[in-house]
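Heads up: the structure comes next, in structure tokens.
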2 protein chains.
Amino acid sequence: MNVGQVAALAGVTVRTLHHYDRIGLLRPSGRTSAGYRQYAPADLDRLHRVLLYRELGFPLEEVAALLDDPSADPAEHLRRQHRLLRDRLERTSAMVAAVEKEMEARNMGIDLTPEERFEVFGDWLPEEYAAEAEEKWGDTEAWAQSQQRTRAMTKEDWLRVKAESDDVERRFAEALAAGAGADSERAMDLAEEHRQQISRNFYDCPPEMHAGLGRMYVEDERFTAYYERIAPGLAQYVSTAVQANAARQG
Amino acid sequence: MNVGQVAALAGVTVRTLHHYDRIGLLRPSGRTSAGYRQYAPADLDRLHRVLLYRELGFPLEEVAALLDDPSADPAEHLRRQHRLLRDRLERTSAMVAAVEKEMEARNMGIDLTPEERFEVFGDWLPEEYAAEAEEKWGDTEAWAQSQQRTRAMTKEDWLRVKAESDDVERRFAEALAAGAGADSERAMDLAEEHRQQISRNFYDCPPEMHAGLGRMYVEDERFTAYYERIAPGLAQYVSTAVQANAARQG
DNA sequence: GCTTGACGCTGACGCAACGTCAGGCTGTTG
DNA sequence: CAACAGCCTGACGTTGCGTCAGCGTCAAGC
């Protein structure tokens with residue numbers, strides 16, 4: 001197999017293969033008499049590993065070290081790649097959750113602190129700065145301003161949307177007062193209405209994602225406070241209803 | 001807030017912030033009389049977006065274009081980032097599944113074609129090459145050789161492990177012949193034994209992952225063939241038992 | 001009020017991982 | 001046997017910073 005074919009198969013450019021040859025990361029096991037690179041099955045194997053490690057962010061030099069380590073059998077590579085991929089999956093999930101949280105926070109007019117937003121980028125958590133920053137940005141008017149700017153809807157749109165969600169929230173409170181269970185038909189229907197409202201006005205919100213938001217309503221105190229201000233016990237009520245609704249759809 | 005603090009908060013180096021200033025991607029909104037960069041809350045907002053887009057693989061120039069597009073409100077960015085992150089999640093899941101498939105294939109002595117392994121790197125699928133490569137590598141002895149090399153266990157180890165899994169497979173066949181349902185206690189216990197065997201001898205295999213393997217046993221004909229050779233109907237039987245066992249553990 | 005050590009500033013060069021020609025040979029298809 | 005796709009080897013360019021060098025700034029302690 002020659003460069004072009006390997007390149008097409010692996011989804012890289014010919015130039016990349018040239019590069020890997022030059023730096024000794026992947027030398028084709030043969031050449032034709034005319035000097036054409038000839039790749040054997042074992043070379044494809046190696047290329048596959050190279051690309052996976054590269055995708056995972058390893059510099060090529062380290063990739064070479066990993067692959068040339070004589071004490072590492074193929075199974076070892078698979079286990080390591082599996083571990084690294086799972087880590088990445090977890091990190092990405094966390095980032096998705098963070099973005100979803102921020103979307104919902106914006107809709108409810110809750111502001112997240114900068115530390116919170118950056119949290120997801122690393123597990124390091126620099127305590128010292130956290131405190132200091134908190135103090136600096138606590139509740140300056142700068143924040144209020146940036147809050148202001150972030151609303152791009154026209155005032156009319158916003159008022160209409162706000163009225164809609166106020167309405168659902170009010171009816172949730174009524175259902176709670178009337179003693180309807182959080183998993184009752186009535187509560188779940190309201191939850192469904194809530195979900196469709198979000199989807200219409202803000203962002204696409206499938207049931208699964210809605211359930212995630214529900215969990216947040218009781219786990220994050222600011223979201224809890226938002227609902228508790230309307231009626232005591234409402235945060236837990238809405239949270240349960242939303243999750244019950246998601247469950248009946250699945 | 002000055003460079004050092006912002007850098008620590010966001011998990012980047014000071015040099016990176018200098019760079020972003022120089023290329024105009026993120027200019028701090030103020031400077032002290034001494035020339036120190038002063039970052040305002042809005043700058044942190046922007047930095048956050050920059051880092052997310054960068055993480056997602058956009059070149060900085062495009063990031064700038066996205067952020068400076070006057071027709072894109074903040075909600076638009078959140079939606080786009082959400083979409084991109086979900087895509088990434090999906091891709092990573094696919095890669096995890098591919099690695100798991102390869103691990104299991106190795107254990108059972110099934111060899112995957114190079115196209116299959118590279119599949120996960122892109123959805124492009126170059127039909128022409130696929131056919132050609134198939135023909136070239138079909139079943140040369142090169143494959144057999146590379147198969148040989150990949151076994152790093154001592155012969156003794158391998159024989160012991162093989163005997164163990166043969167035993168479970170035989171008892172699965174017995175249960176099937178005796179008419180025990182695939183979701184019976186007997187079948188699920190065998191599935192659990194199967195799972196623990198994999199975990200002990202090859203790689204850590206939690207119930208969820210085991211369920212994924214189960215699905216593969218009926219979806220991939222080569223895995224199906226492996227079990228059908230032992231007893232007709234065994235592939236479906238083991239698959240169901242494995243998934244039932246995973247469900248009872250969850 | 002003075003030192004000192006941490007922090008900040010601006011060039012300037014370096015580096016990884018290729019992209020992108022240029023100039024020339026190869027090989028296969030009509 | 002011509003022509004056109006594909007391969008070769010330099011060689012220079014690009015992105016996204018890392019890493020000094022050389023020099024100002026500032027808060028703490030003496």
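The basis for the numbers below is simple: all heavy atoms, side chains too, and nothing from hydrogens, waters or symmetry mates.
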Proximity to the side chain of [X] - top-ranked nucleotide from [options]:
X: A:Leu60; options: D:dC7, D:dG16, C:dA17; answer: C:dA17
X: A:Pro59; options: D:dG16, C:dA17, D:dT19; answer: C:dA17
X: B:Val3; options: D:dG16, D:dT19, C:dC9; answer: C:dC9
X: B:Arg22; options: C:dA17, C:dG11, C:dT20; answer: C:dG11
X: B:Arg31; options: C:dT26, C:dC9, D:dC8; answer: C:dC9
X: A:Asn2; options: D:dC7, C:dG8, D:dG16; answer: D:dC7

Under 4.5 Å between any side-chain heavy atoms of A:Arg27 and A:Arg46, yes or no?
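Not in contact.
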Closest-nucleotide ordering on DNA chain C, the 5'-leading residue of A:Ser33 and A:Glu61
A:Glu61
Looking at [X], I'd like to know whether one of its side-chain N or O atoms comes within less than 4.0 Å of OP1 or OP2 on [N].
X: B:Arg54; N: D:dC17; result: yes
X: A:Thr16; N: C:dG19; result: yes
X: B:His18; N: C:dC9; result: yes
X: B:Arg37; N: C:dC9; result: yes
X: A:Tyr20; N: C:dC18; result: yes

Take the protein atom [atom1] of [X] and the nucleotide atom [atom2] of [N], then report the distance between them rounded to whole Å.
X: A:His19; N: C:dT20; atom1: NE2; atom2: C1'; answer: 15 Å
X: A:Met1; N: D:dG6; atom1: CE; atom2: C1'; answer: 15 Å
X: A:Arg15; N: D:dT14; atom1: CZ; atom2: P; answer: 15 Å
X: B:Gln5; N: D:dA27; atom1: CD; atom2: P; answer: 12 Å
X: A:Leu17; N: D:dT9; atom1: CG; atom2: P; answer: 12 Å
X: A:Phe58; N: C:dC18; atom1: CZ; atom2: C1'; answer: 20 Å
X: B:Leu25; N: D:dG16; atom1: CG; atom2: P; answer: 9 Å
X: A:Gln38; N: D:dG6; atom1: CD; atom2: C1'; answer: 13 Å

Looking at A:Asp21 and A:Arg31, is there a salt bridge between them, counting it only when a charged N and a carboxylate O are closer than 4.0 Å?
yes
Taking every non-hydrogen atom, the tightest pair across B:Leu85 and B:Leu56:
CD2-CD2, 3.9 Å
What's the verdict on side chain to side chain donor-acceptor pair (under 3.5 Å) for A:Tyr20 and A:Arg54, showing C-alpha distance, side-chain angles and the deciding distance?
CA-CA 12 Å; A:Tyr20 292 171; A:Arg54 184 189 71 166; 3.2 Å; yes
Pick base, sugar-phosphate or nothing for A:Thr13, based on heavy-atom distances below 4.0 Å to the nucleic acid.
sugar-phosphate
Would you classify B:Ile23 as touching base, sugar-phosphate or nothing, given that sugar-phosphate means primed atoms plus P, OP1 and OP2, and contacts are heavy atoms under 4.0 Å?
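Touches nothing.
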Mark yes or no for a side-chain to base donor-acceptor pair under 3.5 Å between B:Tyr36 and D:dG24, with no hydrogen or angle criteria applied.
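Between D:dG24 and B:Tyr36, which were checked side chain against base, a qualifying N/O pair under 3.5 Å is present.
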Let me confirm one number: the CD-CG distance from A:Gln81 to A:Leu52, rounded to the nearest 0.5 Å.
4.5 Å
Euclidean distance, B:Glu55 CD relative to A:Met95 CE, rounded to 0.5 Å
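Output value for this atom pair is 4.5 Å.
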